[in-house]
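A note on names: the letters A, B, ... follow the listed sequences, proteins ahead of strands, and every chain is numbered from 1.
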Amino acid sequence: MEKKLYIATAIPYVNGTPHIGNALDYLIADIWTRYQKQNGHEVRFQVGTDEHGNKIAAKAAGLHMDPKAYTDSTYVNFENMVKKVGASYTDFIRTTDDHHVAAVQYIWQTLAPYIYKGTYKGWYCVGHEAFFTDKEVQATNGICPDHQTPYEQVSEENYYFKTSVFTDLIRDAIMTDTMKIVPEFRKKEFLDLIKDGLQDVSISRPKKNLSWGVPVPGDPEQIMYVWIDALANYITVLGYPDKEGWQQYWPADVQVIGKDILRFHAGIWPAMLLGLGLELPRKLLVHGFVIVGGEKMSKTVGNVVDPNEIIDSYGLDAFRYFFSRHIPTLDDGDFTWEKFENAYNSELGNDLGNVVQRVASMITRYQAGVIGEAPQGEHDMSAYHEVMDNLEFNKAMDEVWQMVRSLNQYIENVKPWEIAKKISKDSEAESHLSEVLAYCVGALLQIGDLLVPFLPATAEKIHKTFESGVIVPTDGVLFPKLYLHTPDPQAPKAA
RNA sequence: CGCGGGGUGGAGCAGUCUGGUCAGCUCGGAUGGCUCAUAACCAUCAGGUCGCAGGUUCGAAUCCUGCCCCCGCAACCA
């Protein structure tokens with residue numbers, strides 16, 4: 001029996017609309033999920049939303065809504081985005097779910113030996129709903145640059161979680177790759193960050209400062225701050241602690257996170273798990289940010305790219321293609337509409353789409369669509385599997401495109417159209433031709449297999465066209481040319 | 001002396017750990033070939049002091065030293 005696998009994504013805060021970073025989370029997790037399913041694993045794939053906190057409460061109040069009613073209306077945007085990128089998720093969790101809330105309170109009680117009450121004094125920014133260090137306050141002359149409001153000196157009672165006591169265990173787990181942080185440089189970065197030990201973390205707020213959240217068990221004056229509430233989702237969604245079956249999936253095989261939230265997932269979260277006596281996730285996949293034309297995406301600059309627009313214009317597989325191949329899985333990547341369209345036209349259209357088309361067309365033309373026995377694709381896939389296992393999906397796509405290229409070169413070398421001309425004179429030409437074309441089909445079917453995790457719809461079309469032994473014509477070509485952001489070479493030249 | 005990543009032909013990158021077989025790949029450009037194909041495909045060519053200055057070596061993009069420049073991060077920012 002293969003082990004059941006669990007893959008989890010960070011849950012975004014529902015204050016706002018889904019952006020390309022969220023889409024990237026879902027896409028990466030989905031590629032891994034489909035890859036593992038293809039390898040015969042059963043996979044549970046979680047997504048969800050973080051719905052508590054002051055910003056939500058404030059936004060709801062602004063709309064004269066109850067916070068829950070507000071999140072009921074917005075979480076859907078995220079679920080739609082998950083579906084839009086084709087993510088094959090199995091579970092969607094909201095931190096306002098009843099089971100989650102109850103489970104979080106159970107977790108708090110279980111962690112009680114590591115929780116103590118303390119007083120926090122510091123400079124507080126209402127807009128951030130967060131405290132800032134003296135250094136930061138000095139650097140900004142006491143005015144929060146984001147909100148243009150002065151920091152206030154605030155003192156409040158909080159509960160703290162003793163993450164510090166788990167420092168050595170966590171450091172050890174990271175160093176030995178028991179909890180493997182991928183890529184390596186993120187691992188180093190984090191180890192450096194905790195070289196002086198983890199610092200205890202404040203996990204509650206007085207009710208007067210934070211009303212919308214999970215109540216602290218046994219203390220009506222305190223509400224849980226984001227950490228325990230949000231991070232716990234990764235296990236509560238599986239049914240922890242009371243529903244059957246979660247043990248089959250925990251520990252997670254991979255947790256997909258952005259580089260901005262590594263410290264929480266590599267520090268606080270493992271501490272919680274250790275406090276609960278649970279295993280740590282096997283791997284943390286830390287991806288980078290999507291930048292646009294070399295600049296950070298930001299609303300004020302107005303360069304925000306909406307994933308919906310890409311998918312609506314070019315199709316889902318085109319979106320999945322660009323963001324899996326041209327945005328490195330483990331690093332920042334650059335998006336521009338020109339880059340996207342060039343990749344679409346030349347790589348998806350000219351390379352992949354065209355080679356599918358030309359092979360299908362030759363078989364139809366020379367052999368009335370009959371393929372015969374296609375041999376197993378003989379390309380060595382070990383490089384592909386190696387980079388997949390290293391979670392470098394972009395490199396796996398490079399491997400696939402290498403194969404596409406080779407196939408085009410092969411066709412050019414063998415020149416099936418010339419063999420076809422000899423059929424009337426040369427008795428061996430006919431079998432030679434069908435052998436050549438069957439080889440091409442074998443290669444295409446292999447390419448199709450490798451594309452399953454990345455471009456599910458395209459992979460299916462390729463299989464459908466070739467796998468039956470007879471060409472099944474498709475409607476239109478795979479990736480028709482589009483010139484929405486780059487000049488159309490066929491357009492009449494401007495004077 | 002805070003930490004990390006990076007500076008390679010017009011653009012984007014690989015190669016640096018394990019010195020020579022490295023100056024490579026993709027896009028873009030030029031030329032040619034082909035006609036099965038989505039004006040697609042294939043081949044060839046142009047070309048870069050491998051950030052700068054020293055050093056080690058028979059030999060350095062690759063190792064050592066110093067310097068310059070760019071980009072993140074710097075703990076409660078999902």
- Message: Would you measure the distance from the C1' atom in B/C34 across to the matching atom in B/A60 and give it in whole Å?
- Response: 44 Å
- Span that lies between the P atom of B/C41 and that of B/A46, in whole angstrom: 22 Å
- A/Leu437 CG - B/A37 C1' separation (whole Å): 13 Å
- Message: Of the options B/C27, B/A78, B/G4, whose atoms approach the side-chain atoms of A/Ala230 most closely?
- Response: B/A78
- Message: Taking only the C1' atom of each, what is the distance from B/C50 to B/G9 in whole angstrom?
- Response: 10 Å
- Message: At 4.0 Å (heavy atoms only), tell me whether A/Lys415 reaches a base, stays on the sugar-phosphate, or touches nothing.
- Response: nothing
- Task: Provide, to the nearest angstrom, the distance between the NZ atom belonging to A/Lys188 and the C1' atom belonging to B/G2.
- Result: 17 Å
- Query: Is A/Arg365 near enough to B/C36 that one of its side-chain N or O atoms lies under 4.0 angstrom from OP1 or OP2?
  - Reply: yes
- Task: Using a heavy-atom cut-off of under 4.0 Å over every strand shown, decide if A/Asp351 touches base, sugar-phosphate, or nothing.
- Result: sugar-phosphate
- Rounded distance in Å - NZ (A/Lys339) to C1' (B/A11): 8 Å
- Item | Value in whole Å for how far the P atom of B/C13 lies from CG of A/Asp332 | 11 Å
- Task: Remember a base hit wins even if backbone is also touched, and classify A/Asn22 as base, sugar-phosphate or nothing at under 4.0 Å, heavy atoms.
- Result: nothing
- Whole-Å distance, A/Asn345 CG to B/C27 P, equals 13 Å
- Pick the C1' atom in B/C67 and in B/G29, then give their distance to the nearest Å. 37 Å
- Task: Looking at every strand, decide which applies to A/Ile194 at a 4.0 Å heavy-atom threshold: base, sugar-phosphate, or nothing.
- Result: nothing
- Determine whether any donor atom in the side chain of A/Trp417 lies under 3.5 Å from an acceptor atom in the base of B/C34, or the reverse, and answer yes or no. no
- Taken to the nearest whole Å, CD/A/Glu418 to C1'/B/G33 is 11 Å
- To the nearest angstrom, the CD1-C1' distance between A/Ile419 and B/C34 comes to 14 Å
- Task: Kindly indicate whether the side chain of A/Asn354 and the base of B/A37 share any N or O donor-acceptor pair separated by less than 3.5 Å?
- Result: yes
- Assign A/Asn342 to base, sugar-phosphate, or nothing according to its heavy-atom contacts below 4.0 angstrom with the strands shown. nothing
- Check every strand shown and say whether A/Leu352 touches a base, only sugar-phosphate, or nothing at a heavy-atom separation below 4.0 Å. nothing
- Report which part of the nucleic acid A/Phe479 touches: base, sugar-phosphate, or nothing (heavy-atom distance under 4.0 Å, all strands). base
- Write down the distance separating the P atoms in B/C17 and B/C1, rounded off to the nearest Å. 30 Å
